[in-house]
Amino acid sequence: MPTIIGIDLGTTNSLVAMVERGVPIVLTDKETGDALLPSVVYFPEGRDAPEVGESAKVRLATEPERTIYSAKRLMGRGFSDVASESEILPYKLSPESAEVIRIELGNGRLVTPPEVAAFVLRTLKARAESHLGEVVEKAVITVPAYFNDAQRQATRDAGRIAGLDVVRIVNEPTAASLAYGLQNKQSATIAVYDLGGGTFDISLLRLEDGIFEVLATGGDSHLGGDDFDLTLADVLLEEIGIPEPDANLRASARVAAEAAKRRLSDHSAAVVTLTLPDGSEFIRTVTRDEFENLTASLVQRTLEPCRQALADAGLTTSDIDEVVMVGGSIRVPAVYAAVKTLFGRDPHTHLNPDEVVALGAAIQADILSGNRDDMLLLDVTPLSLGMETMGGAVERLIYRNSKIPSSARQEFTTSVDGQTKVLLHIVQGEREMAADNRSLARLELTGIPPMPAGLPKLEVTFLLDANGILQVSAKEVRSGVQSDVRIKPAYGLDENEVRRMVRESFTHAEDDFAARMLADIRNEADASLLSAPKLLINYGSELPPEERESIESGLAEFKQVREIATDHAILREAMDAFENIARPLAERAMSGIARHLVAGKSLTEASQYLEERLKENA
Ligand code: AMP
């Protein structure tokens, strides 16, 4: 069995790991001995090959517009999603492509975020190959739990571009839990606190019989160790007192501040030495107490999303059985202490916090290689998948938190006589109305033989693979006409939007319910309004004139209510009233044997039944 590698594709740094003789290990660069590969790619002018990692990182200062970092923030997103992001990035994003972000490298050269990520992946792949002495073709890659379909798809694309078959995309908090062996527990509720250099994520997971379910996610995409450095650097610069310090001095202050921060993680004081532009030296001792006072508000800022995630999941801190801490910044003692106090238990921290996610990815890879047949690990889908129905409501086929892989099938029919095509609108999200969810794709099923409305048997199948990637197929069963799409989502939903979508599904539940009820009843009303006139033409003459007239005026009234009613209860009442008046017509239409079959059925049901009969007899 060829080796499957595990990759943590990070915003700042990336790592590769694999399981060797049953033990997960992080692979280091043969020359430098480094495990962390900075997720930075430098594209030299001309035809030279891009540089990746440390050698690219040093170009950040001199050639910022050709040195791409933080590409993960752009993965699977559209231009408008990253407007706020692009303001702080020193490289240029092309405003021309709304769907997929393109980075302008100058001289008309453009790259997409998956391509940038692919250079990082390729470097890690090569590292694994040199370690193993064999070609590596398969990988497990981790992504944040809040990553939506487009972002996962983009990550998969990056793998493909790098020549890797991404056999599984795993949530980072799930990987961290695996690294700590939590999958061996029967069940547990787990909080994964991840504070890196530039991002903070909190994820709450539920583990049950080897299945990890994401209960809630939260965080701050612009909060991390860098902010600790900047806070201290600002204090240093203020004391140095040079008005408007230049970029060089600011950069040196940051570097010095970071070094002091690291030292303060296991010492009570650190000495900062800075050479000033006039050649003099600035020397200053920073104590841990002082550093903690300066950064206390940053630590507090990480706790708020934790409380919010708990509230979103309907949990309190006492429901949390395990706390896992990930990311380089958890080495700051005040961070550790705050998390321990919040959750009231000792967090897991004994593994290297930079390596935890990669180690977990390697364990998942090992499971997929079939080396641990005692373990079946599944993930769940973070958002529901469904179709827009007539009237704009959503018919959900796969629910949020369904185990993946998963599939679902739904039957439906046409609403207009002679309809030869249907347009299916696939959406993702928790809201009741399609417009409030994220549009994933539109699929057209054409070539349906013309039949009366309600007669075609349309079947749509959703297949969600183990990576959370959806494939949809639609078929007209009677004629066998078929159409498929592999959902290649229109990029453009940011992580906060996913979080918001899930949160909003709770807060808007009542409005949504009313909107959904209205859409449903409108559909029923339209079907009834469509069939009643047909039945009147065909069977009206068999009714006594006064009965027919009362049906006709009832129909006009019902039609009017349908036009103006925005309250589902009012429309429902009007429809019930009309169906009552029209019952003799429905019954008349069902002559002979049909009559007793449909006794007590609604006009719509009766007419549908009738049309099928008519068709069969035709
Ligand atoms: P990550 O993005 O997970 O690699 O985290 C990198 C962050 O961890 C950077 O902000 C580092 O400054 C920070 N970091 C690394 N080592 C330490 C340490 N010993 N004490 C405090 N922060 C650290």
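Everything numeric in this text was worked out from a predicted model, so none of it was measured. We number each residue from 1, following the sequence as shown. Read the numbers this way: they start at 1 and go in the same order the structure lists the ligands and their atoms.
- No side-chain donor from either of T112 and R102 sits under 3.5 Å from a side-chain acceptor of the other.
- Sorted by first and then second residue, the ring-ring contact (aromatic ring centres under 6.0 Å, His included) pairs with a member in residues 250-297 form an empty list; sequence neighbours excluded.
- For the atom pair CD1 of I25 and NE2 of H131, the computed distance is 4.5 Å after rounding to the nearest 0.5 Å.
- Every pair passing ring-ring contact (aromatic ring centres under 6.0 Å, His included) that includes a residue from residues 334-368 is listed here, sequence neighbours excluded: Y180-H348, Y180-H350.
- Going from atom SG of C306 over to atom CD1 of I320 covers 9.5 Å, rounded to the nearest 0.5 Å.
- Applying the side chain to side chain donor-acceptor pair (under 3.5 Å) criterion to D278, with sequence neighbours excluded, gives S280.
- Protein residues with a heavy atom under 4.0 Å from ligand 1 are T12, N13, G196, G197, G225, D226, E258, K261, R262, S265, G327, G328, S329, R331, V332, D354.
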